[in-house]
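Just so you know, these numbers come straight off a predicted model, no measurement behind them.
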Amino acid sequence: MASPRSYFTHFFSATATLAHGLSLTWRQLWKSRKSNPHFNIRESNYFEQTDGIATVTYPHVQIPVPDVGRYQLHNEMDDCIVCDKCAQVCPVDCIEIEPVKSPEEFGRTSDGTPKRIYAATFNIDMGKCCFCGLCTTVCPTECLTMTKEYDFSTFDIRHHNIPFATLTQPEIEARKDAWARHETEKAASKTVVGPSRPAAAKPQVKPRPMIPPANPPHDE
Ligand code: SF4
Ligand code: SF4
């Protein structure tokens, strides 16, 4: 059983600890009576600026995100040449592309790169994405970028599979047909057209004359 001296020692210690904790809480609460909406994460004293903030009234007030942050991906399809590099480099295979070749160049990206492949499908599953950013670094036309959008919560995880392709199903079918026709015509042009030439006559080989030996053997 604790002695009366030990009892009072513990009592005063617990009271002092409680008072210290409550003083911190009240001090923070007093500071948070006014909020500072002008956060700038690039300023060196960013974390001091948040002093006094109990919380922010999200989504009406949002803490800014850094410019180099990695958040939701966006593909500017007008500039995409459907080269498949992003899908090949993705470590978690969350980019799905179905290309449809075109018989001829059908446009140019904003940096002048010729476009010869349509995207029947271009999906990025942000539910699988690990936000490594590799796909954006290999993109030759820089059409694939990471935006500042970080709030894309949804009730159904399938909604994180974001489609970027813009072609309608009839347009996809028409382009597939055009490519199939092109391939057929190319194959046909390779076959020989016109009457077949007669087989070349074999050269006549004349029999060689018999040459008598220089020193015929003598009869004995
Ligand atoms: S950020 Fe990484 S994981 Fe996400 S799609 Fe790009 S390569 Fe794949
Ligand atoms: S790397 Fe860029 S240009 Fe190539 S398919 Fe991906 S998004 Fe399109």
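Taking the six-membered ring where tryptophan is involved, the planes of Phe11 and Tyr7 are essentially parallel, since the angle between them stays under 30° and well short of 60°.
Using a 4.5 Å heavy-atom threshold, the side chains of Cys86 and Cys139 count as separate. Inter-residue side-chain proximity for Asn161 and Arg158 is flagged as unmet; no heavy-atom pair is nearer than 4.5 Å. Taking the side chain as every heavy atom from C-beta outward, Trp179 and Pro103 approach each other to under 4.5 Å. Residues Cys90 and Cys135 form no side-chain contact, since every pair of their non-hydrogen atoms from C-beta on lies 4.5 Å or further apart. A heavy-atom distance below 4.5 Å is found between the side chains of Leu144 and Ile124. The closest side-chain heavy-atom distance from Leu167 to Val100 is not below 4.5 Å. Between Ile97 and Val82, the closest side-chain pair of non-hydrogen atoms falls below 4.5 Å. Counting only heavy atoms from C-beta outward, the side chains of Phe122 and Pro99 never approach each other to under 4.5 Å.
For NZ of Lys85, the number of neighbouring non-hydrogen atoms (other residues, nucleotides, ligands) closer than 6.0 Å is 12 at most. Around CZ of Phe131, the count of heavy atoms belonging to other residues, nucleotides or ligands within 6.0 Å exceeds 12. Counting non-hydrogen atoms of neighbouring residues, nucleotides and ligands closer than 6.0 angstrom, the NE2 atom of His182 exceeds 12 such neighbours. Atom CD1 of Ile157 sits in a sparse spot, with 12 or fewer heavy atoms from other residues, nucleotides or ligands closer than 6.0 Å. Residue Glu142 qualifies as open at atom CD: its count of foreign heavy atoms under 6.0 Å is 12 or below.
A donor and an acceptor atom, one from each side chain of Asp79 and Ser110, are located under 3.5 Å apart. Under the 3.5 Å distance criterion, with hydrogens and angles disregarded, a donor-acceptor pair is assigned to the side chains of His74 and Glu76. Donor-acceptor pairing under 3.5 Å is recorded for the side chains of Asp111 and Thr113.
Look at Glu98 and Lys176 and you find a salt bridge, because one of the NZ, NE, NH1 or NH2 atoms lies within 4.0 Å of a carboxylate O, short of that distance.
Side chain of Ser3 to backbone of Ser6: a donor-acceptor contact under 3.5 angstrom is found.
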Dump the intermediate steps for ring-ring contact (aromatic ring centres under 6.0 Å, His included) on Tyr71 and Phe152, then the final yes or no. CA-CA 10 Å; Tyr71 304 101; Phe152 43 97; 8.7 Å; no
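Contact record, Ile81 with Pro114: CG2-O, 3.8 Å, taken as the closest heavy-atom pair.
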